[in-house]
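Read the structure below first, then the notes.
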Amino acid sequence: MENRSIVSIADYSREKIQSLLDMAAEFEQKPNRKLLEGKVVATLFFEPSTRTRLSFETAANRLGARVIGFSDPKATSSSKGETLKDTIKMVSNYADVIVMRHYLEGAAQYASEVTDVPIINAGDGSNLHPSQTMLDLYSIRKTQGKLDDLNIYMVGDLKYGRTIHSLLMSMRKYNPTFTFIAPKELEMPEEYKLYCKEQGIRYHERQDFDEETLRDCDILYMTRVQRERFSDLMEYERVKDAYILRADMLSKCRPNMKILHPLPRVNEIQYDVDDSPHAYYFQQAQNGLYAREALICDVLGIGIEEIKKA
Ligand code: CP
């Protein structure tokens, strides 16, 4: 049987991405469609989450599925030493789809290899976060009217930021120009710069971050410096406030420039930015519901024609 897991969307074609985004647009028009009555969606969160878990669970509920799962692995048998393999095999007995966030890079790929039940990667360590990328792409297409030929600025923690890595790879077919702005300690890893070179993706690296820097930006993708990824907290303290966006820095930017952030934010976007027409991060999170409804349908083989009829 074909394994329809979503571990990464880096290899998805333009047609596949367009199809998923069109499905998400259908769900934005009408989120409640009882396509999954009788199905069970399991959400296994080995790492904390607000948006990803709740939006996946809302998506499953709006599609008519039942939801099982956990948000605190300490309350499960993994705290007694049960392996990930055994946990996945057990949950596969109960659920039709498994949405999993795990702290280890590669955990979703591994899970997809030990079960026939589709796995949706809800974030694996600092590796990838494909469902976030789908809602990011949806937000970009919705606000810019296209995905092609955009100037995308990525700011903050480019080393550990899985949303950054996922988005970068998924944009390869859309002729983007990336600008990476990060402290030295958190700059874009060499493997992703190499990926850009191999794929012919233009990128620039800079350290300045002011109103002049942002003049030709279409999408400003801000990220949090992730305290939980640092083994040396002194280093975290040194870099955590390196790049802070303020409302007065937006005076020279393009009229349709939009600020995205996967959230949660800590200190990197000041609250005065929230009232700017450029701020889009809360709507972006809302788009997560529609994108995740589309992804759950996709792994179960439900396409746009069936969605339109429901
Ligand atoms: N963007 C995101 O993954 O948020 P959560 O950690 O709250 O799920």
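Just so you know, ligand 1 is whichever comes first in the structure, and atom 1 is the first atom listed for that ligand. Sequential numbering from 1 along the given sequence is applied to the chain's residues. As a basis for the values below, the full set of heavy atoms in this structure was taken, side chains included, without hydrogen atoms, waters or symmetry mates.
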Non-neighbouring partners of Tyr280 that pass side chain to side chain donor-acceptor pair (under 3.5 Å), sequence neighbours left out: Asn287
Write out all pairs satisfying salt bridge (Lys or Arg N to Asp or Glu O under 4.0 Å) with one or both partners inside residues 277-304, taking only residues at least two apart or from two chains. Arg4-Asp298, Lys16-Asp298
Quick note, salt bridge (Lys or Arg N to Asp or Glu O under 4.0 Å) partners involving residues 266-286, not counting sequence neighbours, are Arg265-Asp274
Please determine, by modelled atom types, if Asp241 and Asn267 share a side-chain donor-acceptor pair under 3.5 angstrom. yes
List by chain and number: which residues place a heavy atom under 4.0 Å from ligand 1? Ser49, Thr50, Arg51, Thr52, Arg101, His129, Gln132, Pro262, Leu263
Glu47 and Arg162: CA distance, side-chain angles, deciding distance, salt bridge (charged side-chain N to carboxylate O under 4.0 Å, His left out) verdict: CA-CA 14 Å; Glu47 269 195 334; Arg162 58 193 173 198; 3.1 Å; yes
Under a 4.5 Å cut-off applied to non-hydrogen side-chain atoms, are Phe180 and Tyr203 in contact? yes
